[in-house]
Asks: 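Handing you a structure now.
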Amino acid sequence: MVQLAPAAAMDEVTFRSDTVLSDVHLYTPNHRHLMVRLNSVGQPVFLSQFKLLWSQDSWTDSGAKGGDHGHVHTKEPPSAETGSTGSPPGSGHSNEGFSLQAGADTTGWEVAEAQLDEDGDLDVVRRPRAASDPNPAGPPRDKVHPMILAQEEDDILGEEAQGSPHDIIRIEHTMATPLEDVGKQVWRGALLLADYILFRQDLFRGCTALELGAGTGLASIIAATVAQTVYCTDVGADLLAMCQRNIALNSHLAATGGGVVKVKELDWLKDDLCTDPEVPFSWSQEEISDLYDHTTILFAAEVFYDDDLTDAVFKTLSRLAHRLKNACTAILSVEKRLNFTLRHLDVTCEAYDHFRSCLRALEQLADGKLRFVVEPVEASFPQLLVYERIQQLELWKIIAEPVT
């Protein structure tokens with residue numbers, strides 16, 4: 001793997017890229033984009049609600065194996081803000097018998113034949129900017145016009161947050177950020193990982209877990225519904241503050257299972273954890289001891305978009321696995337993104353290819369202490385969150401075992 005300069009820091013890496021926008025936010029209807037404030041660097045912060053689609057009748061798979069799980073037909077697909085309320089993990093009801101009410105995409109896609117004009121040219125019918133149909137056939141593509149809820153940060157954490165139902169996750173995030181701030185958006189890979197956590201509650205129940213590159217903290221919030229302690233880690237004071245805020249917005253979910261989420265700084269480009277009490281989100285010695293003594297699960301979603309940072313993620317995974325007292329399992333979520341490059345004059349997925357090469361290198365690592373077993377996870381488990389589960393979304397499991 002590429003050797004990184006030890007003096008650098010994750011939040012100091014400079015990218016050359018245009019502004020990017022997550023598909024999760026692109027396909028979310030406009031009335032869910034509620035601007036609540038500006039963060040410390042002047043970026044608009046929005047509040048979105050994500051619906052957990054569970055009930056107690058029966059458990060239904062989300063779609064064809066390995067295919068597009070975004071088309072699950074129901075009589076009345078619930079939106080991200082309405083629908084039947086079920087029982088979350090840890091609420092006193094058995095997890096057996098939950099059923100999937102809807103799939104990734106609450107709207108259908110119509111396939112139309114190409115229309116030609118009188119000259120034989122392709123006749124393109126453009127969608128109007130403002131859709132008049134209250135129930136459009138597809139995700140709205142008009143421009144986002146956010147509505148400001150409040151200027152004061154504390155206003156949004158009032159009675160509404162405390163009384164949030166157990167089938168709603170409320171996440172603050174930004175939209176259309178530079179590449180170095182993509183952690184402030186919600187990505188499909190985090191929703192896929194959250195689905196897997198809810199599916200494999202036996203793996204996470206009562207454990208101590210750590211998320212790398214948590215971003216908005218959505219996956220950590222879900223993990224806390226079954227895990228005992230979740231260390232939600234990333235870098236950057238503003239991002240970590242947003243993450244802490246999302247933990248508070250959804251504290252009722254963790255409380256049902258007795259889970260605790262601790263937001264901490266963890267820089268992949270540094271070997272040691274920050275213990276300076278003057279630094280926000282630093283580690284205490286007690287927390288470090290608890291981390292190394294009890295952690296059995298590591299997980300990360302959508303952090304494999306830059307080769308240097310991907311190298312740093314795998315270096316951090318290996319370092320943590322060697323320091324943990326117990327054998328551990330890492331769950332990694334990634335989206336295989338295709339891009340046309342001038343260098344290849346073809347469609348490639350270089351970031352994904354580098355991710356796969358790092359998996360192979362980790363599996364072949366032989367230091368006489370640990371053995372890493374890498375295996376893909378088939379994305380055929382039930383879908384409990386509203387998003388488009390496309391074929392390019394993948395989960396990988398890494399099991400770190402002592403060499404005997």
Asks: Hey, what's the ring geometry for Phe46 with His173, parallel, tilted or perpendicular (30° and 60° as the breaks)?
Replies: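 It falls in the parallel class, under 30°.
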
Asks: In Å and rounded to the nearest 0.5 Å, what is the OG to CZ distance from Ser220 to Phe299?
Replies: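 One finds 4.0 Å between OG of Ser220 and CZ of Phe299.
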
Asks: Once rounded to the nearest 0.5 Å, what's the spacing between atom CG of Leu249 and atom NE2 of His252?
Replies: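 These two atoms lie 9.0 Å from each other.
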
Asks: Spell out, as yes or no, whether a donor-acceptor pair under 3.5 Å connects the side chain of Lys264 to the backbone of Ser282.
Replies: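 Yes; judged by distance alone, with no hydrogens or angles, the pair exists.
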
Asks: Does the side-chain contact (heavy atoms from CB on, under 4.5 Å) test come out yes or no for Gln185 and Val24, once each step is laid out?
Replies: CA-CA 9 Å; Gln185 299 188 53; Val24 173; over 6 Å; no

Asks: Do Arg356 and Leu359 come within less than 4.5 Å of each other through their side chains, counting heavy atoms only?
Replies: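 Result yes, sub-4.5 Å side-chain heavy-atom pair found.
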
Asks: When you measure from the side chain of His354 to the backbone of Glu350, do you find a donor-acceptor pair of N or O atoms at a distance under 3.5 Å?
Replies: no

Asks: Just wondering, do Pro44 and Leu38 contact through their side chains at under 4.5 Å, heavy atoms?
Replies: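 Yes, side chains in contact.
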
Asks: I'd like to check Leu332 versus Leu317 (side-chain heavy atoms, cut-off strictly below 4.5 Å). Are they in contact?
Replies: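 Heavy-atom side-chain distance check passes, below 4.5 Å.
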
Asks: Given Phe204 and Ile222, is the side-chain contact (heavy atoms from CB on, under 4.5 Å) satisfied, shown in steps?
Replies: CA-CA 10 Å; Phe204 285 81; Ile222 293 296; over 6 Å; no

Asks: So which heavy atom on Ala321 is nearest to which on Phe372, and how close?
Replies: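 Distance-wise, the nearest heavy atoms are CB-CE2, 3.9 Å.
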
Asks: Would the distance check show the side chain of Asp167 and the main-chain N or O of Leu52 forming a donor-acceptor pair, the cut-off being under 3.5 Å?
Replies: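 Pair absent, no side-chain N/O of Asp167 close to backbone of Leu52.
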
Asks: How far does CD1 of Ile221 sit from SG of Cys232, to the nearest 0.5 angstrom?
Replies: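 Interatomic distance, Ile221 CD1 to Cys232 SG, rounded to 0.5 Å: 7.5 Å.
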
Asks: Using a distance-only test with no angle check, is there a side-chain donor-acceptor pair under 3.5 angstrom linking Asp238 and Ser40?
Replies: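 Per modelled atom types, Asp238 and Ser40 side chains form a pair under 3.5 Å.
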
Asks: Side chains of Glu394 and Tyr352: any donor to acceptor distance under 3.5 Å?
Replies: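 A pair is found: one side chain offers a donor N or O, the other an acceptor, under 3.5 Å apart.
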
Asks: Kindly determine whether Phe381 and Leu192 satisfy side-chain contact (heavy atoms from CB on, under 4.5 Å), including the steps that lead there.
Replies: CA-CA 10 Å; Phe381 44 87; Leu192 178 71; 3.8 Å; yes

Asks: Are Glu388 and Asp23 close enough that some pair of their side-chain heavy atoms sits under 4.5 Å apart?
Replies: no

Asks: Does NZ or CZ of Arg337 lie under 6.0 Å from the centre of the six-membered ring of Phe355, at an angle within 45° of the ring axis?
Replies: no

Asks: Of all the heavy-atom pairs spanning Gly183 and Leu239, show the shortest one and how long it is.
Replies: O-CD1, 3.7 Å

Asks: Side chains of Leu365 and Leu370: closer than 4.5 Å at any heavy-atom pair?
Replies: no

Asks: Can you confirm whether Thr296 sits close enough to Thr329 that some side-chain heavy atom of one is under 4.5 Å from a side-chain heavy atom of the other?
Replies: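 No, side chains not in contact.
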
Asks: Looking at Asn246 and Thr216, would you say the former's side chain and the latter's main chain have a donor-acceptor pair under 3.5 Å?
Replies: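 Yes, because the side chain of Asn246 sits within donor-acceptor range (under 3.5 Å) of the backbone of Thr216.
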
Asks: Could you tell me which non-hydrogen atom of Ala219 sits nearest to which non-hydrogen atom of Ala190, and how far apart they are?
Replies: CB-O, 4.5 Å

Asks: Ignoring hydrogens and angles, tell me if any N or O in the side chain of Asp234 forms a donor-acceptor pair with the backbone of Leu240 under 3.5 Å.
Replies: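 No, because the side chain of Asp234 does not come within donor-acceptor range (under 3.5 Å) of the backbone of Leu240.
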
Asks: Any side-chain heavy-atom pair from Thr208 and Tyr231 closer than 4.5 angstrom?
Replies: yes

Asks: Is the side chain of Gln201 donor-acceptor paired with the backbone N or O of Leu198 at a distance under 3.5 Å, no angle test?
Replies: yes

Asks: Does the side chain of Thr174 pick up a donor-acceptor pair with the side chain of Gln43 at under 3.5 Å?
Replies: no

Asks: For the CD1 atom of Ile297 and the OG1 atom of Thr229, what is their distance to the nearest 0.5 Å?
Replies: 13.5 Å

Asks: To check you understand the geometry: which heavy-atom pair defines the closest contact between Arg389 and Ala379, and what is its length?
Replies: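 Scanning both residues, the minimum pair turns out to be NH1-O, 3.4 Å.
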
Asks: Checking the side chain of Thr295 only, and the main-chain atoms of Ala209 only, is there a donor and an acceptor separated by less than 3.5 Å?
Replies: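 Absent.
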
Asks: Would you compute the distance between atom CZ of Arg205 and atom CD1 of Ile197 and round it to the nearest 0.5 angstrom?
Replies: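 If I round to the nearest 0.5 Å, the distance is 13.0 Å.
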
Asks: Could you go through Lys270 and Val235, starting from their C-alpha distance and side-chain angles, then the distance that decides it, and tell me whether this counts as side-chain contact (heavy atoms from CB on, under 4.5 Å)?
Replies: CA-CA 11 Å; Lys270 296 180 180 178; Val235 294; over 6 Å; no

Asks: Please name the pair of heavy atoms, one in Arg170 and one in Asn250, separated by the smallest distance, quoted to 0.1 Å.
Replies: O-ND2, 2.7 Å

Asks: Just by modelled atom types, is the Asp271 backbone N or O under 3.5 Å from a matching donor or acceptor in the Arg319 side chain?
Replies: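 Yes; judged by distance alone, with no hydrogens or angles, the pair exists.
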
Asks: Is there a donor-acceptor pair closer than 3.5 Å between any side-chain N or O of Trp187 and the backbone N or O of Val182?
Replies: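 Yes; judged by distance alone, with no hydrogens or angles, the pair exists.
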
Asks: So which heavy atom on Val261 is nearest to which on Ala224, and how close?
Replies: CG2-CB, 3.3 Å

Asks: Roughly how far, to the nearest 0.5 Å, is the CD1 atom of Ile331 from the CH2 atom of Trp396?
Replies: 12.5 Å

Asks: Are the side chains of Val186 and Ser48 in contact, using a 4.5 Å heavy-atom criterion?
Replies: no

Asks: With no hydrogens and no angle check, is any side-chain donor or acceptor of Thr225 less than 3.5 Å from a backbone partner on Leu253?
Replies: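 A pair under 3.5 Å: no.
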
